[in-house]
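All remarks here apply to the structure that follows.
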Amino acid sequence: MAGRKRNAPGASTTSTPRTTRSSAASRREASARSAVPDVYREMVSEARRMAVAEDVPEATTPERPLKRRRPGERHTPKVETKPVKPAVIQEPTKMEHINPEDDDDEEELEFEDVELPPPTLQTITRDSDDEDDEELELEDIAFDSQGAFSSAVAGDVQLNLNLSAQKAATAPHRRAIERRKALSKSEKERRREIHKVHLLCLLAHVERRNRWCNSPKVQEVLRPLLTDKMRKSLIPRASLNQYGRTESLKAGLQETSVMFKTKFQITERGLRRALWAEDEEQLENYQLPHDLETIKSKDDFLKAAKSLSGSRDVGAQLFCALLRSIGVQARLVCSLQPLSCVPGAPAMPKQRKTKSLNASKGPSAADRYAAAMSKYKNTAITPDPRTPAFLSGRSRLGHPNATAYDVPSMTAPPPPPRLEAPKAKTIKGESPYPIYWVEVLDEAQQKWNPVDPLVTGTQWRPRALEPPASDKENSLTYAIAFDEDGFARDVTRRYAKAYNSKTKRQRIDGPISPTTPSGINTGERWLRRVFLRHYTAPDFPTDLDQIELNELAALEGAEPMPRNVQDFKDHPIYALERHLRRNEVLLPGAHSTGTVSAGSKAPVERIYRRIDVVVARSREKWFRLGRVVKPGQEPVKVLPPKRKRSSKFGGERISSSSPSLETDEEDEGDLFGDYSLAKAGGTPLYTPQQTDVYVPPPVSKSGKIPKNKFGNVEVYVPSMIPAGGAHIPHARAAQAAHILGVDYAPALTGFEWKGRKGTARILGVVVPEKAAEAVRAVITGLVDMEEEEREERRRMEVLRMWRVMLRGLRIRERVFGGVEEEEVEEEEKRNEKEDKKGKGKGKGKAKETEEERLDREMADAPSDVSEEFYMDMEEDEEGGGGFLIE
């Protein structure tokens, strides 16, 4: 071995080797061994010989341990040289290996760094190019049938390369983005109305299920599931302190949830989010899931309680009934999933077109997977049972028989299995977040806390129940809690992380609903009325209710500021200048509360409070609200001018260069000045601080009503009634004032708009206040006279009908006066037979009844009563019957 030097004991060396780290270390070990007596060294050598004699048979020759490569030593590349006869190296014999002196010499070996001579590289000259053919790798070239490639190479032909097809094939495939059609105004209104109806239906459904949870039969079936320990924990002793009662309730709910999750089996699919269908074709082949919930009556609910199986929604309802059965105050909470009322909501997925078996080429995914697994099994290497599964650490010590010793395995006994609740079965496609859960009252803290035993298995964690925006099966928009008495409360703010910036946009009481001129949200007013009329206790709110309302308000107020620009739009607390409507401005001196940017390269925008944003209107709009602009006020904003363009029906049509809003779509121009500014720069707008209440001119002493150039009085709001006048909103008011001979003027209360054209809406008149009582009395008289005339017309109509009936009876008596009854019966039978025969003659002719025949016969018959007179009366809708209706 190169670099190895053996020093025999007693031999002298001609040259002194240079000192290295290894030689210095060996000398230190030798000096340490010299301190050990020879007797102990002989005993150790004898023990080594005995161990080797037992492990290694006499017929086998042990291998020399491989020398490990030194750190930093590089691998010497193989050099192609001429074959040289290998030198024979004699391996040490067994006696040499077990000689104790040789063992001592082995320990005294010294290693020396020896510089190897550089290898000689062998070179050869290539005589021909034939040897290159063995190293060439030919590529498959597609030759056409006519030999175009060979002809192109043989002759001087110009080749044109077209790489467009190759670029198109290698370019990344982009999926076509399907754009949705924008919803029209009528479609948005229709979706809002459908959303309201669906919301009411879901509220009625949850109310019904909440009533089922109070069923004594259902509670009697579920009560035996609770042990005595669970009951004591769920209803803590009053002697415990506040913290102890809360912890006892938590522990009891945890044990009850684990027990219920273990015994309840999810076998059906529960409620999920309703989606709009973009096309009618999606509804033609739509089928409900086969595992949909089948509970439709109270008896089915009782069967589910006995079998402890059903959907996870039914499981949450049964868990609520279980807690109520022992007196725990529990509320059933449902996240309603109505059809969305906002544009851009997720729609139903389009059905994929199934390919036929003949059209599909190549194996399916399952076949490819099976082929790959079979190939893997065939190529797997079977381990040798004689080879150890792992290498022992002693194999790296350098001793040849270090791995021969069988180390006994000292494995610790397996730990006992941990008792955990098994995972509840889930239905494929269901959301990982619950639709139903339970709220339990912590009486010690006077606080409602959520418990979800089946889906998430959490308690006291309300923010863990809100699904993400990417979940198409579940959306937390309305979280409604029903208590044991059947009353409900909207607790969405407890579970929504971004209620104002995200959740409220999806609700009917959000920005999607239009507002009244006074700024009231119509959707919010509708939702408040629904809860006040049907789901709110008639009594005064209790202390617990006040605590919960304050908690919900605090959660809404503690919501952090939005982090992106889009969430600031229509935010109830914050606003950006970019999101201001065309009729909204900031108050002078408004201070910003922060900054935000749309990206790293986007400019920084200031954030303002919503209370600093006011609505600015034109002079005409303020006048319709009963206010006028103060003199000398400068407009805070000027809307862009309106441009005229020709209509396709001829004439001119006025349109605005910017999108108009509903609040300003009625402003045709400025009727109270600023004509030059309106023509040059647009319509000027003013804030409420720049206006005063409009004071109309009073009624003169002579009773003269002030009128405009159209002869009307503008009464858009009650404050616009002139002093000394009275507004009488009645249709007969003008007639009454005319009868009395007092001065009056029609009251203009607004306009009915159809597009850009407005028609005046007149309601009643304005008369002097002194004549108001007389006008009201005359109106009462006119109404009474009109009622008397109506009654007289009805009386005359009743008399006419009586005359017709009596005339028919007289005609019948005259015709059948001297005829016996038998002849009359035969005549009637004959007429019936003729009628039956005439049925098949004309399909379009209807059968003539007895009454119609008599009316036809007596139409031209003269009356035999000389005093009878006939009066034509117009038929009235209210007339009917032969008797006078009281």
Side-chain angles (χ1 to χ4, degrees), residues 203 206 210 236 238 241-247 249-250 253 320 323 328-336 437-452 458-466 476-511 519-521 523-562 567 570-574 593 609-611:
L203 284 172
V206 182
N210 179 67
N241 57 8
Q242 188 178 24
Y243 177 77
R245 295 170 65 185
T246 302
E247 292 300 319
L249 180 62
K250 286 184 179 180
L253 288 174
C320 179
L323 296 179
V328 178
Q329 295 191 33
R331 296 197 303 195
L332 181 63
V333 186
C334 177
S335 175
L336 306 181
W437 63 90
V438 180
E439 279 188 353
V440 179
L441 176 63
D442 183 6
E443 296 183 356
Q445 303 287 343
Q446 288 293 297
K447 186 177 180 181
W448 293 94
N449 296 284
V451 179
D452 178 28
T458 59
Q459 62 182 18
W460 263 252
R461 293 178 59 192
R463 297 300 172 88
L465 303 179
E466 182 185 13
L476 194 143
T477 310
Y478 302 91
I480 310 299
F482 282 82
D483 58 11
E484 192 173 359
D485 298 331
F487 302 114
R489 172 158 295 163
D490 187 0
V491 293
T492 313
R493 292 175 288 180
R494 178 177 293 142
Y495 301 96
K497 301 175 184 177
Y499 177 78
N500 290 322
S501 58
K502 294 184 181 297
T503 305
K504 200 169 184 179
R505 296 176 183 273
Q506 311 296 327
R507 294 165 57 99
I508 191 62
D509 56 347
I520 300 177
N521 190 304
E524 184 179 358
R525 182 176 57 185
W526 175 84
L527 191 62
R528 190 187 301 112
R529 288 179 179 177
V530 169
F531 276 91
L532 286 177
R533 293 181 180 180
H534 305 284
Y535 303 106
T536 304
D539 303 333
F540 293 99
T542 61
D543 295 340
L544 181 61
D545 297 336
Q546 293 290 351
I547 293 174
E548 185 177 16
L549 292 176
N550 294 337
E551 176 194 355
L552 297 177
L555 290 174
E556 183 179 1
E559 181 180 336
M561 185 181 296
D567 290 344
D570 297 324
H571 198 279
I573 301 176
Y574 305 103
T593 59
R609 296 180 300 174
R610 178 63 64 178
I611 58 177

Within-4.5 Å side-chain heavy-atom neighbours: [X] and [Y]:
X	Y	result
P450	V333	no
W460	K447	no
L552	D490	no
I547	W448	no
T492	T503	yes

Rounded distance [0.5 Å steps], [atom1] in [X] versus [atom2] in [Y]:
X	Y	atom1	atom2	value
E548	D543	CD	CG	13.0 Å
E247	N241	CD	CG	10.0 Å
E551	L555	CD	CG	5.5 Å
E524	I520	CD	CD1	9.0 Å
K502	R505	NZ	CZ	8.0 Å
L332	E484	CG	CD	12.0 Å

Answer yes or no: is there a donor N or O on one side and an acceptor on the other, between the side chain of [X] and the main chain of [Y], under 3.5 Å?
X	Y	value
Q459	K250	yes
R463	R494	yes
T477	R507	no
N521	G523	yes
E466	K497	yes

Discussion item. Assess the residue pair Q446 and L544 against the criterion (side chain to side chain contact (heavy atoms under 4.5 Å, CB included)); give the C-alpha distance rounded to whole Å, side-chain angles, the decisive distance to 0.1 Å, and a yes or no.
Written reply: CA-CA 7 Å; Q446 288 293 297; L544 181 61; 3.6 Å; yes
Response to the item:
On a heavy-atom basis, the closest approach of L203 and F482 is O-CZ, 3.9 Å
Worksheet entry | Residue pair Y478 / I508: nearest heavy atoms and the distance that separates them | OH-N, 2.8 Å
Fill in: Flag if over 12 foreign heavy atoms under 6.0 Å of CG, N550
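Buried by this count: over 12 neighbours within 6.0 Å.
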Discussion item. Are there over 12 heavy-atom neighbours, none belonging to R610, within less than 6.0 Å of that residue's CZ?
Written reply: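 Enclosed: over 12 neighbouring heavy atoms sit under 6.0 Å from CZ of R610.
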Worksheet entry | salt_bridge(R489, D483) N-O dist < 4.0 Å | no
Worksheet item: How far apart are the C-alpha atoms of R493 and E559, what are their side-chain angles, what is the distance that settles it, and do they pass the salt bridge (charged side-chain N to carboxylate O under 4.0 Å, His left out) test?
Response: CA-CA 10 Å; R493 292 175 288 180; E559 181 180 336; over 6 Å; no
Worksheet item: For W437, which of S335, P462, C334, C320 qualifies under side-chain contact (heavy atoms from CB on, under 4.5 Å)?
Response: S335
